[in-house]
Every structure is written in structure tokens, then in C-alpha cells.
Amino acid sequence: MPKRPRRPLRCRHCDQKAVINMRQHKLALCGPHFVEWVHKQTERSIKKWRMFTRDERVLVAVSGGKDSLALWDILLELGYQADGLYIGLGIDGGVHYSDQSHEYIRQFIAQRGGDLTLHVVDVAEVYGASIPQAAQLSRRGRAKPCSLCGLTKRHIMNRIAREHGYHVLATGHNLDDEVAVLFGNTLQWAVGYLTRQGPLLPPSHPGLARKVKPLFRFYEREMAAYAIVRGIEYVYDECPFAEGATSIRHKELLNQLEAQSPGAKLHFYLNFLRAREEHGLFQTVQEQIELHTCPTCGQPTTNEGQCAFCRTWERVQERVGALPHTPQGANAP
Ligand code: Q46
Ligand code: ZN
Ligand code: ZN
């Protein structure tokens, strides 16, 4: 007997054709109801974790990818005071990655009438070398530039938040990102990291903004769907240096698990948070971490003396004359 064609999935609220089916929530929604659902869920996370209020100023780190642009969009739609920060890393990798990313952010701002504040920090302009160049010049050059990149982004985010008086620094990490990191840290039993991972990180030092991840409950595909429904264009290419990263392998494994048991990722993450908050897991470790102040930049550091950012970039700047004359950003992984 010929198979009867499957009836398209319908929205739970209005019976229109659904644009997304979220198996872990047993919930299919049409475009407008999905947008409404995302807004409500985000508001709930912000309130539950006491991330920020409408009186506080939020700095959103935007990379040009779907998550960070979706986050900026959601916060603006919810009426929060959200400005953007774009850090130009000078990564080309054959796809003009950084230039493309900046362009999507400009487009996003233009679509919203142009009346948004975006802070732009071009690493090469401010510190004398792009991220790939700096990685080459510092001793980290043998490895991928990711550790230097992460260090530099964290430093710049803290600095801009402090200089411009933002209370909060928001990043677009989604559930897939968070779970991949949690999985990696658990495989290593990296208790120091497990202590600090979460949707809210209170300031570890005077003058630092609190760090929040309002999208931590959303799966990556939900954020992609949100961007599409809202007409947000974003950079599809991953950073060329992300290829082969351990976190990507972990994501693949976790996707297999999720396909077999929908909701596995969400429960893994939420139960970890619960074990820490309600049962005091890792609490003793938390109390043992002692921070010092970097004498050069004033940011916190786990060692006495200069922080890793200042040490690394001093070394880079001493050697910057040795750079071959290549066009800005012409680098490949
Ligand atoms: S750390 Fe590494 Fe990312 Fe920097 S170099 Fe690219 S992949 S952007 S999140
Ligand atoms: Zn609907
Ligand atoms: Zn420093």
C-alpha cells in the first residue's frame, strides 16, 4: 500500500505550519510563536539567574555569527539597554573571515535603522599585530592562535566594559557550546573550570563587569532558526582555525547522544548546574582561588606580576618589526 504523505507539522498554538519542531520540549511552533517563545525563555533565564535589569547597561560581544546577533536582537526586542562590541581579529583564512563578520554586523545595524552603538576594536590597529601574526611572533606560534585569541578577546571585553561603564558583558554561547565545554571539562575533571562554568559569572575583581550567557538554554539549531525567521543575515563560515578543534568533536558525539535521547544535552547541563548550586559541588574549590591584580593593565591574574595578556603582547610588540610585509590579515591557518 502506498504510504500516505505525512501531514506537515502544525504550530501548537495556532495550527499554522510549524517552522521548528523541538523534540526535547515536544513543541512545534510557527515563526511568530517561535520568536515569542524565544523571547519569553530568554527573559525567564535573565530573571532566574538575576543576570541584569532594564536599568543596567549591557555590552554584547558580537562576532557576526548567528548566536551573538540573535542575542543582540533579542535583548533589544525585550527592551534592554544593549550595545555591541566587535573585536577585529584580522583573520582571513582564505574566506576573509574577519571582514565578512564585520560586514554582517554592519548589515544588522543598518537593518535596524542604524541607531545602535557598536564599539569596534581592531586588534592589529590597537596592539600592532593581528591575532595570526601575534601567534606567530609569540611563543604560542607553534600551536593554533586560539589560546592567544581567547586571552586577547577576554582582555578587550573586560577593558571596554570597564572604560565605558557597562555593568554586564553578554556573550551568545548556546547550549551546544556550553555542553561541549562541560563535557570536555568533565572528561578531564578540570575542577577549576567546572567551578566557574555557568550562565552567570559574578565579577572576580573590582571594576569588572559580570559575565552572562542568556542563550544558554537554546540549542544551536534553535538559534539558527531564530536568525532565519527574524531575517538576520550572519556569517556561515566557522573561523578557519576552529577546524579540528576538540570541542567540535565533542559536539558531534553529543549530537549522536541527543539524536537517540532528545533532551540529553539540556539535562546534562541543567543537572550539572543543579548539583553545583543545590548540593555545593566544587564549592570548596571556589573558595581557594586567589586572584592578583596585574600592575600593567589592572585586570585580575592568577599569578603575581603581569598577567598573561600583558606578558604575551609585550613579547609580540618587541618582535613586531620582524613581521614579513604581507597585506593586512592575509593569513591562512
Ligand atoms: S579562538 Fe580560535 Fe575562535 Fe579565535 S582563532 Fe578562531 S577559532 S575565533 S572562538
Ligand atoms: Zn503559531
Ligand atoms: Zn595585564
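Order of listing sets the numbers, starting from 1, for every ligand and every atom in it.
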Geometry at the Zn ion (ligand 3) - Cys310 SG versus Cys297 SG angle, rounded to 10 degrees: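 For SG of Cys297 and SG of Cys310, the angle centred on the Zn ion (ligand 3) reads 110°.
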Opening angle at the Zn ion (ligand 3) [SG, Cys294; SG, Cys307; to 10 degrees]: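 For SG of Cys294 and SG of Cys307, the angle centred on the Zn ion (ligand 3) reads 110°.
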Between the side chains of [X] and [Y], is a donor N or O closer than 3.5 angstrom to an acceptor N or O?
X: Tyr97; Y: His102; answer: no
X: Thr152; Y: Trp313; answer: yes
X: Lys213; Y: Asn174; answer: no

N, O or S atom of Cys146 closer to atom 2 (Fe) of ligand 1 than 2.8 Å: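 So Cys146 does bind atom 2 (Fe) of ligand 1 by this criterion.
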More than 12 heavy atoms of other groups within 6.0 Å of Glu314 CD: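 Enclosed.
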Residue Glu238 excluded, over 12 heavy atoms near CD under 6.0 Å: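 Check fails, neighbour count at 12 or below.
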Among protein heavy atoms, which lies nearest [atom], and at what distance?
atom: atom 4 (Fe) of ligand 1; value: Cys149 SG, 2.3 Å
atom: atom 3 (Fe) of ligand 1; value: Lys153 NZ, 4.0 Å
atom: atom 6 (Fe) of ligand 1; value: Cys239 SG, 2.2 Å

contact_flag Glu238 ligand 1 heavy-atom lt 4.0 Å: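 Heavy atoms of Glu238 never come under 4.0 Å of ligand 1.
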Ligand-residue contact atoms, ligand 1 with Ala242, heavy atoms, under 4.0 Å: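 Once the distances to Ala242 are compared, the set is 7 (S).
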4.5 Å side-chain heavy-atom contact, Arg311 and Thr296: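 SC-SC contact between Arg311 and Thr296 ruled out.
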